[in-house]
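First the structure, in the form of structure tokens, and then the observations on it.
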Amino acid sequence: MKNVTRLSGTLIAISFFVVCSAQRKTTDQKVDSVLKLMTLDEKIGQMNQYNGDWEATGPITRDGDKQNQIRKGMLGSMLNVTGVEHTRQLQEIALESRLKIPLLFGQDIIHGYRTIFPIPLAEASSWDTSAIKLSARIAATEAAAAGVHWTFAPMVDIARDPRWGRVMEGAGEDPFLGSAIAAARVKGFQGKGLGNTDAVMACAKHFAAYGAAIGGRDYNSVDMSDRTLWEIYLPPFKAAADAGAATFMNSFNDLNGIPATGNKYLQRDILKGKWNFKGFVVSDWGSIGEMINHGYAKNNYEAALEATTAGSDMDMESRSYINNLSKLVKEGKVKMALIDDAVRRILRKKFEMGLFDDPFKFCNKEREQQQWNNVENLKAEKIVAEKSIVLLRNENHLLPLGKQTKTIALIGPFIKAVRDNLGFWSYQWPDDTARIVTQWQGIQNKLGSNARLLYAKGCEINDSSQSGFAEAIDMARQADVVIMSVGEASDWSGEAKSRSNIHLPGMQEELVKAIYATGKPMVVLINAGRPLIFNWTADHVPAILYTWWLGTKAGDAIADVLFGDYNPSAKLPISFPRAEGQIPIYYSHFHTGRPATSDSDRFYRSAYIDLSIYPQFPFGYGLSYTDFTYSDITLNKPIMKAGQSIRATITVSNTGNYDGEETVQLYIQDVVGSVVRPVKELKGFQKIFLKKGENKQVSFAIDVNELKFYDDQLKYIYEPGDFKIYIGGNSQDVKEASFKLQ
Ligand code: NOJ
């Protein structure tokens with residue numbers, strides 16, 4: 001193997017001296033000089049991506065001769081191949097091909113590689129774009145050190161249906177928050193820019209509207225108005241493109257009858273046209289071939305035609321391109337210009353990543369070792385995890401618990417859970433058990449021998465047995481305080497993990513009731529990858545922390561919050577329903593002609609007669625151990641002219657007993673429009689830290705950009721008239737002011 005390396009190294013040097021000798025050439029010139037040397041088959045090879053042999057999320061086609069295909073230049077990229085040794089091995093084979101074009105290695109680095117960070121929905125709860133960027137930065141650094149060039153993240157799909165399992169991968173329901181987070185993640189992954197050895201290419205996915213699968217059933221159709229598409233679902237993609245995302249991935253769903261993979265409007269007209277996106281588009285796993293199942297293509301030949309025409313540049317795993325494109329080009333059905341455009345886009349990224357200069361740039365054993373046990377990364381993980389924990393209830397200031405508490409009963413199926421803490425889309429490493437801090441360990445680490453910790457599982461996550469209740473009740477009776485940890489299994493959210501029933505599963509809420517009946521003070525931790533329904537708990541249990549899945553240091557982060565070393569600051573990025581029948585429930589809905597304004601006002605109103613009009617917990621909601629009070633809003637003027645801005649100011653005071661962080665949220669409503677406008681839309685937020693007793697003025701500058709919307713011709717406009725401004729600590733509990741735009 002060594003000889004091969006040396007030989008291929010020499011050939012590469014000669015070959016690339018010839019094709020792109022002058023360093024002064026622009027990337028596009030270099031791309032063109034390679035393109036000129038390529039045969040049609042080699043070009044199609046660049047548009048082809050295969051999986052390694054593991055971690056598949058779809059049917060794997062095992063050819064047995066992948067290596068040979070790489071050697072023949074029939075492959076541009078692989079996914080699910082990591083590790084310096086493995087990627088080097090395959091790259092060496094790529095260098096045996098005629099033109100020695102290096103492979104790109106892609107991987108789903110969704111919330112960490114070696115150090116697992118909170119699931120994206122949890123991180124979104126932090127509303128802290130610097131923390132989110134840092135998490136992506138660390139994920140990229142660790143992955144790049146292990147030979148990965150490209151992450152299939154961020155997922156920027158807006159999701160308003162918690163039944164959809166992939167809600168855990170995104171930033172929740174709101175386009176404004178979603179856009180800010182999309183940009184932060186892209187910047188985090190790509191760091192100081194492609195070409196640095198700690199930067200991986202980002203991939204904004206799934207383009208587009210995948211999050212609106214009908215009924216929250218994964219892979220389902222999407223039927224949506226153009227205005228909703230443009231106003232709600234596209235903005236995070238635009239933000240990702242503007243932040244420089246190197247690639248996009250299209251999606252499994254059809255959008256209004258056209259599969260996204262074969263959708264020219266999305267990929268050519270919007271992405272590559274209107275948005276002038278210069279990167280490339282990879283299909284989702286097998287999604288080109290799946291157009292046959294959609295009933296949109298008769299066979300892979302037609303599927304390849306539809307997908308290339310629509311602008312899908314790389315075929316992930318369906319083999320439609322490699323097996324059909326050559327014929328399609330020869331028959332004149334696919335123009336060579338389309339192939340050249342796709343290949344140019346792919347080669348450009350390979351150049352930008354520096355792979356032509358050094359195909360083994362990401363194959364540094366030492367760097368891989370350094371990142372493998374990076375303590376600083378673990379410290380950062382704990383901080384991000386703390387910022388992601390949402391305090392939903394804290395009656396009589398039960399939390400934080402005193403570190404001097406003598407006897408604590410720890411009850412529930414997640415107290416000693418290990419891997420669950422990582423959530424879906426996380427890698428399994430052989431030393432996971434030693435690295436992951438369980439909730440049990442975290443609390444032990446915090447209290448040492450000061451406290452007596454009792455443990456009872458009480459019940460399994462999802463069974464019908466109450467046989468463990470007696471022991472749990474007994475433990476609770478012996479304790480000064482009870483901490484219960486309940487939730488859904490970590491693999492109940494994620495791809496293909498839609499659920500029709502999102503109640504706290506099994507006997508868990510019964511166990512909560514049984515422990516509550518002991519009369520002991522109790523705290524409930526809820527572990528989940530989506531908003532769950534737990535109405536009884538929400539109405540009775542005095543203290544509730546929504547912990548989602550927090551990653552490698554979950555237990556330490558939870559202990560910090562429980563015992564007051566971190567004062568919770570997170571806010572929900574998605575509304576929590578009271579019943580599945582309330583879904584979709586989101587704060588920025590329209591008024592309707594018969595709006596229900598309260599639960600006592602149901603007379604021929606737009607409401608369910610058997611359910612509250614309110615969610616269990618609204619968008620933007622989350623408590624702190626301290627109390628924040630908001631003054632009234634003052635505006636620097638009552639009338640704003642287009643071209644000017646108006647300043648809305650509010651004073652926030654910390655009136656409680658702890659220092660704390662608050663996320664001040666700005667919402668705007670266009671009162672009367674040429675098309676109906678939502679009751680309010682998030683248009684700004686600021687995180688402020690206030691010491692106990694301190695107050696601060698928070699100002700938002702508003703100009704017409706915050707007032708624009710898509711009119712009935714899909715033009716992005718603003719209209720003169722009345723506007724309402726709302727500022728508060730969540731989407732429901734707000735102060736109000738009005739102004740006029742002239
Ligand atoms: C299918 C998923 O939809 C996508 O998000 C992922 O990146 C690919 N599989 C590759 O694993």
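Counting starts at 1 for both ligands and their atoms, in listed order.
Heavy atoms of N80 found under 4.0 angstrom from ligand 1: none, in either backbone or side chain. Contact annotation: for R166 versus ligand 1, heavy atoms closer than 4.0 Å belong to the side chain alone. With a 4.0 Å heavy-atom cut-off, ligand 1 is reached by the side chain of H206 but not by its N, CA, C or O.
Within the set E495, E317, M316, the minimum heavy-atom distance to atom 2 (C) of ligand 1 is found for E495.
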- Could you walk me through whether D315 and R319 pass the salt bridge (charged side-chain N to carboxylate O under 4.0 Å, His left out) test, one step at a time? CA-CA 7 Å; D315 174 0; R319 278 137 171 91; over 6 Å; no
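Close approach of ligand 1 to D284 is summarised as follows: ligand atoms under 4.0 Å from at least one heavy atom of the residue are 1 (C), 2 (C), 3 (O), 4 (C), 6 (C), 8 (C), 9 (N). With ligand atoms numbered from 1 in the order given, ligand 1 contributes 4 (C), 5 (O), 6 (C), 7 (O) to contacts under 4.0 Å with heavy atoms of K205. Residue F152 approaches ligand 1 through these ligand atoms, each under 4.0 Å from one of its heavy atoms: 7 (O).
The two residues T261 and S312 have their closest heavy-atom pair at O-OG, 2.9 Å. For the residue pair P118 and A385, the shortest heavy atom distance occurs at CG-CA, 3.7 Å.
Checked by distance only, ligand 1 and W425 stay at 3.5 Å or farther apart across all their nitrogen or oxygen atoms. Taking only nitrogen or oxygen atoms, main chain and side chain alike, Y210 does not reach within less than 3.5 Å of ligand 1.
Separation of the W372 and W429 ring centroids falls under the 6.0 Å cut-off. Aromatic rings from Y586 and F619 are positioned such that their centres are separated by 6.0 Å or more.
Listed by first then second residue, pairs satisfying ring-ring contact (aromatic ring centres under 6.0 Å, His included) with a partner in residues 230-251 read F207-F237, F207-F248, W230-Y710, F237-F248, F248-F277, not counting sequence neighbours.
For M249, the heavy-atom gap to ligand 1 drops under 4.0 angstrom.
Ion pairing between D161 and R217 fails under the 4.0 Å rule for side-chain N and carboxylate O.
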